Amino acid sequence: MLIGVLKETIPGERRVSAVPDTVTRLIKAGNEVVVEQGAGSLAGFPDAAYIGAGASVDSRKSVLAADLVAGVVLGPDKGFEQAKALVGMMAPFQQPEFMAVLATGGTTAIAFETVPRTSLAQTMDALSSQANTAGYRAVLEGASRLQRFLPMMTTAAGTVKPARLLVLGVGVAGLQAIATGRRLGAVVSAFDVRSAAREQVESLGATFVEVSLENHTEEGGYATALADVEQGRIVRGLSKNVSTADIVISTAQIPGRPAPLLIDDESLAAMAPGSVIIDLASSTGGNTSQTPESGDVNVNGVTIVAGGQLVSAVASDASTLFGRNLVALVDHLYNEETGLDFDDEITAGAVVASGGNLLNDRVRSLLEGN
């Protein structure tokens, strides 16, 4: 099979879906690889490195003609409907119309977002590998913008207290933010609506923030949507912890839905000037009432940063991890003898469209307005 590797076109996106090591693995598995010119340059992988790994380097048109085309972030109006098969992050629940266009054109659409969150699929879980990177980078971004030390400092001029870091949402990104904050010496606390998160938070040496709620965990370990009354209870319950935090890393998202509001205008007003919020949920609306779509904004002295593209700041390692997820997924999905096996749980979940049909029930439901 010929696998094409696209150059990303979204402004600020530095990642690439396959690095030279990925190429080596794909070729070893019996595939050929063609890479778009300059695809890996922003992540530190020049064309020569891909050629050295056994790939050919060619135009975008040639890449789109491959049997399977890989990208990191895939969206409409990029000519992707020309491809026989696409694999990457497609935001299928935010872009159901794009999925419909791909299905109508006969493209096989494989979305990392719909890969089942099971033990067998862990090596294919690009959402987790990228969220892990984002959680790490978010703490560094917060520390670089905070006009204080993170760890306690004992000096001849006196002792400086450690910074207080609050993490909202204890998924993969949140856990990495906790671990990174602890390694850098901050006093860390964290909140999640899932009761199972307490043990994880405390195992990393952080304090779990208690807000009296029912447990909200759905299949796959994701947090569920909350009723308005409970949403308000969370905002009020977190307000004291938010007001005393130097850095807040917010990561709370619900697949296919707007991010939950965790920090309202009143909570923002209570924060000390110079405090920093890194909102990793900015791409789905953000966890604060003032999160910008991109960049940052200053609200009464509090800096709120849209963290949707922070992972690109660690493009080399993020791309390497993404490439390993790609190899594992391709190896699982494609069998030379049988092709795609839709009786397989992972294949049935990952393939959103194939053979001219939309296969994902949730995407179909969104298109129907439900």
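Quick caveat: nothing in here was measured; it's all calculated off a predicted structure.
Neither side chain, Asp21 nor Thr24, offers a donor N or O lying under 3.5 Å from an acceptor on the other. Side-chain contact check for Asp279 and Thr288: no donor-acceptor pair (N or O, by modelled atom type) lies under 3.5 Å. For the residue pair Glu13/Ser312, the side-chain donor-acceptor check at 3.5 Å is satisfied.
Ile278 places none of its side-chain heavy atoms less than 4.5 Å from the side chain of Arg137. Considering only heavy atoms from C-beta on, Val101 stays 4.5 Å or farther from Pro76 through its side chain. Using a 4.5 Å heavy-atom threshold, the side chains of Arg324 and Leu321 count as touching. Side-chain contact between Phe80 and Leu6 is present, with at least one heavy-atom pair separated by less than 4.5 Å. In this structure, the side chains of Leu262 and Ile234 come closer than 4.5 Å at one or more pairs of heavy atoms. Contact check for Arg362 versus Pro92: no side-chain heavy atoms found under the 4.5 Å cut-off. At a threshold of 4.5 Å between non-hydrogen side-chain atoms, the residues Arg60 and Thr9 count as touching. With contacts defined as side-chain heavy-atom distances shorter than 4.5 Å, the pair Phe191/Val211 qualifies.
Note: Tyr50 and Phe45 have perpendicular aromatic rings, judged against thresholds of 30 and 60 degrees for the angle between ring planes.
A donor-acceptor pair under 3.5 Å links the side-chain atoms of Gln231 to the main chain of Leu261, judged by distance alone. Side chain of Thr114 to backbone of Ala111: a donor-acceptor contact under 3.5 angstrom is found. Listed for the Glu113 side chain is no donor-acceptor partner under 3.5 Å among the backbone atoms of Leu127. Of the possible polar contacts, one joining the Asn287 side chain to the Pro260 backbone as a donor-acceptor pair under 3.5 Å is found. Between the side chain of Gln95 and the backbone N or O of Met90, at least one donor-acceptor pair lies under 3.5 Å. Checked by atom type and distance alone, the side chain of Arg164 pairs as donor or acceptor with a backbone atom of Thr244 at under 3.5 Å. The backbone N or O of Arg15 sits nowhere less than 3.5 Å from a side-chain atom of Ser319 that would complete a donor-acceptor pair. The backbone N or O of Leu165 lies less than 3.5 Å from no partner atom in the side chain of Asp246, so there is not a single donor-acceptor pair. Side-chain atoms of Thr133 come within 3.5 Å of backbone atoms of Ser129 as a donor-acceptor pair (strictly under, hydrogens ignored). The closest donor-acceptor contact from the side chain of Gln176 to the backbone of Tyr136 lies at 3.5 Å or more, if one exists at all.
Put simply, CZ on Arg14 and OG on Ser41 are 8.5 Å apart, with the number rounded to the nearest 0.5 Å. The CG atom of Asn31 sits 13.5 Å away from the CZ atom of Arg25 when rounded to the nearest 0.5 Å.
Just one residue in the list Val167, Leu238, Leu168 forms a side chain to side chain contact (heavy atoms under 4.5 Å, CB included) with Val209, and that residue is Leu238.
The residues Arg198 and Glu202 are annotated as salt-bridged, a charged nitrogen and a carboxylate oxygen being separated by less than 4.0 angstrom.
For Met153, the CE atom is densely surrounded, since the number of other residues' heavy atoms within 6.0 Å is greater than 12. Residue Phe208 places its CZ atom among more than 12 non-hydrogen atoms of other residues, nucleotides or ligands, all under 6.0 Å distant. More than 12 non-hydrogen atoms from other residues, nucleotides or ligands lie less than 6.0 angstrom from CZ of Phe112.
Closest approach of Pro162 to Arg148, counting heavy atoms only: O-NH2, 3.7 Å. Annotation for Val170 and Asp192: closest pair N-OD2, 2.6 Å, computed over non-hydrogen atoms. Counting all heavy atoms, side chain and backbone alike, Ala190 lies closest to Ile178 at CB-CD1, 3.6 Å. Residues Val5 and Val33 come closest through the heavy atom pair CG2-CG1, 4.0 Å. Listed here is the closest heavy atom pair of Thr118 and Glu345: CG2-OE2, 3.8 Å. Closest approach of Ser354 to Thr108, counting heavy atoms only: OG-OG1, 3.4 Å.
Under a hydrophobic clustering in which Ile, Leu, Val, Met, Phe, Trp and Tyr are joined whenever their side-chain heavy atoms come within less than 4.5 Å, directly or via other members, Leu326 and Val351 fall into the same cluster. A single hydrophobic cluster is seen to contain both Leu340 and Leu120, as judged by linkage of ILVMFWY side chains at heavy-atom distances under 4.5 Å, directly or through other members.
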* Yes or no on side-chain hydrogen bond (donor to acceptor under 3.5 Å, both in side chains) for Gln290 and Asp265, after CA distance, side-chain angles and deciding distance? -> CA-CA 8 Å; Gln290 300 291 333; Asp265 288 345; 2.9 Å; yes
Audit row: Arg183, Thr180, side-chain hydrogen bond (donor to acceptor under 3.5 Å, both in side chains) steps and yes/no | CA-CA 5 Å; Arg183 284 194 295 267; Thr180 302; 3.1 Å; yes
